[in-house]
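Computed from a prediction, not measured in an experiment: that's the story for all the values here. Note: hydrogens, waters and symmetry copies are ignored here, and every other heavy atom, side chains too, is used. Read the numbers this way: they start at 1 and go in the same order the structure lists the ligands and their atoms.
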Amino acid sequence: AKNDHRGVALATGAADDVAGRQRLTTLEELRVGLDRGELALHYQPQMHLASGTVTGVEALVRWDHPRRGLVFPDVFLPLAEHAGLMGRLTLQVLDIALAQSRDWRADGLDLVVAVNLSASNLQDTTLPGHVADALSRYEVPPAALHLEVTEEILMRDAARATAVLEELREMGVRLAVDDYGTGYSSLAYLHALPVDDLKLDRAFVTHCDTDPRSAAIVKSTVELAHNLGMRMIAEGVESEAALDRLRDWDCDLVQGYHLSRPLPADRFTAWLAERHIF
Ligand code: C2E
Ligand code: CA
Ligand code: CA
Ligand code: CA
């Protein structure tokens with residue numbers, strides 16, 4: 001029995017080694033990938049519900065791996081964060097997003113671009129300076145950039161995060177609390193933090209047309225947001241029925257597969273053109 005036990009332990013250890021080696025390989029490839037500019041962005045439209053206008057996009061990072069093809073953020077973002085690569089990664093994402101924004105503006109497309117920030121970004125006091133620099137390099141007005149920060153991240157080191165966020169907001173960049181409703185935060189921070197928009201997590205949005213508890217949460221979050229002078233963004237809108245309810249409830253902006261999946265820039269502009277929006 002003792003031997004069996006040891007055998008199991010060894011087998012588990014071996015499996016861990018394989019997983020560990022794979023992570024290490026991915027990490028080394030990611031470092032090279034960052035040097036070679038292998039990151040790409042896909043864009044998912046955000047629509048203003050009352051007018052039906054597409055007012056902006058969320059930029060979502062992908063890694064265009066030479067052999068593996070398109071790699072999704074859940075695979076490499078945790079590694080990047082752990083290895084201290086998130087600062088570089090975010091600056092690259094900002095660069096791609098703002099270059100795209102400049103190109104859209106040149107074509108007469110006045111779209112806001114929302115970029116996601118990570119936990120380590122908010123602890124980095126040099127971030128606001130880098131953002132200001134990128135905005136002026138691409139001649140994009142600060143108001144055309146939105147930054148999304150998850151509720152969970154906001155709670156980690158609220159003092160330092162608040163300082164970074166305040167500096168960004170003073171520049172005129174708009175801030176959203178992402179995945180709202182999934183963290184373990186109190187309402188006190190909503191009161192204290194310099195944020196403009198609440199982005200309610202899709203867990204409460206997707207079935208808001210059929211699930212009464214989701215409906216109650218959506219309705220009260222819209223009210224909360226508006227009472228705080230914020231806008232409410234619903235993500236994970238997957239049906240016309242959910243969209244209709246969100247409109248009834250006065251939600252400001254929607255995003256989700258029902259409108260469009262995240263798309264490469266050229267396919268996104270084709271999608272826009274098809275909808276006769278420009
Ligand atoms: P997120 O910020 O909550 O982004 C929304 C995610 O939900 C995206 O997944 C998007 O493709 C997906 N989604 C959009 N509409 C729907 C829908 O109707 N239904 C469902 N089920 N899902 C929908 P994605 O692109 O795989 O990104 C996953 C997460 O990775 C993001 O969640 C965000 O936390 C992170 N992420 C993505 N890009 C970046 C980035 O450039 N920087 C940082 N720091 N994080 C990023
Ligand atoms: Ca987001
Ligand atoms: Ca989200
Ligand atoms: Ca999420």
To the nearest 0.5 Å, what is the distance between CG on D252 and CZ on R247?
13.0 Å
Proximity flag E58 to ligand 1, non-hydrogen atoms under 4.0 Å
yes
Where's the contact between D179 and ligand 1, heavy-atom distance under 4.0 Å: side chain, backbone, both or neither?
side chain
Heavy-atom pairs closer than 4.0 Å: do any link ligand 1 to the side chain of V115, the backbone, both, or neither?
neither
When you draw lines from the Ca ion (ligand 2) to OE1 of E148 and to OD1 of N116, what angle lies between them, to the nearest 10°?
90°
Would you mind running through ligand 1 and noting each atom that sits below 4.0 Å from a heavy atom of P262?
11 (O)
With the Ca ion (ligand 3) as the reference point, give the N/O/S atom of D179 that is nearest.
OD1
Quick one: look at R261 and ligand 1, take heavy-atom pairs under 4.0 Å, and tell me if it's side chain, backbone, both or neither.
neither
Taking atom NE2 of H65 as the centre, does the number of heavy atoms from other residues, nucleotides or ligands within less than 6.0 Å exceed 12?
yes
Which of the atoms in ligand 1, numbered in the order shown and given with their element, are less than 4.0 Å from a heavy-atom of L117?
44 (N)
Y43 and W104 aromatic centres sub-6.0 Å:
yes
Check if D74 has a non-hydrogen atom at a distance under 4.0 Å from any atom of ligand 1.
no
Relative to the heavy atoms of V237, which atoms of ligand 1 are at a distance of less than 4.0 Å?
18 (O)
What verdict does the side chain to side chain contact (heavy atoms under 4.5 Å, CB included) test give for T150 and L154, after you've listed the backbone C-alpha separation in whole Å, the side-chain angles of each residue and the deciding distance to 0.1 Å?
CA-CA 6 Å; T150 64; L154 284 172; over 6 Å; no
Checking heavy atoms under 4.0 Å, the part of V93 that sits near ligand 1 is side chain
D196/R169 salt bridge by N-O under 4.0 Å criterion
yes
Does a salt bridge link R231 with D197, judged by any charged N lying under 4.0 Å from a carboxylate O?
yes
Tell me whether E238 has any N or O atom under 3.5 angstrom from an N or O of ligand 1.
yes
Between V254, V205, D178, L200, which is the residue that forms a side chain to side chain contact (heavy atoms under 4.5 Å, CB included) with E235?
D178
Do any N/O/S atoms of E235 come under 3.0 Å of the Ca ion (ligand 2)?
no
From the list R67, R23, R36, salt bridge (charged side-chain N to carboxylate O under 4.0 Å, His left out) with E29 holds only for R67
For the Ca ion (ligand 3), decide whether D201 has an N, O or S atom at a distance under 3.0 Å.
no
What N/O/S atom of E58 is the closest to the Ca ion (ligand 2)?
OE2
Any atoms of ligand 1 less than 4.0 Å from a non-hydrogen atom of Q44? List them with their elements.
14 (C), 15 (N)
May I ask you to check whether over 12 heavy atoms, not counting those of R261, lie within 6.0 Å of atom CZ?
no
As a check for students: among L39, L60, V149, identify the option with a heavy atom nearest to atom 37 (C) of ligand 1.
L60
What part of H258, side chain, backbone, both or neither, has a heavy atom within less than 4.0 angstrom of ligand 1?
neither
Can you tell whether the side chains of E58 and K199 come within less than 4.0 Å, N to carboxylate O?
yes
Can you name the atoms of ligand 1, numbered from 1 with element, that are less than 4.0 Å from a heavy atom of S118?
44 (N)
Applying a heavy-atom cut-off of 4.0 Å, say which part of D178 lies close to ligand 1: side chain, backbone, both or neither.
side chain
SB check D35 R31 (cutoff 4.0 Å)
no
So, is V61 polar-close to ligand 1, with some N/O to N/O distance under 3.5 Å?
yes
Under 3.5 Å, is there a donor on one side chain and an acceptor on the other for E81 and S120?
yes
Quick one: does T206's side chain have a donor or acceptor within less than 3.5 Å of a partner on G236's backbone?
yes
Ignoring hydrogens, just give me the one of R202, K199, E235 whose non-hydrogen atom is nearest atom 6 (C) of ligand 1.
R202
Suppose we only allow N, O or S atoms; which atom of D178 ends up nearest to the Ca ion (ligand 2)?
OD2
Give the atoms of ligand 1, by number and element, whose distance to some non-hydrogen atom of M86 is under 4.0 Å.
44 (N)
Taking NZ, NE, NH1 and NH2 as the nitrogens, is one of them in D179 or R202 under 4.0 Å from a carboxylate oxygen of the other?
no
Closer than 4.0 angstrom: is that true for some heavy atom of R62 and an atom of ligand 1?
yes
Are a donor atom and an acceptor atom from the side chains of D124 and H130 found within less than 3.5 Å of each other?
no
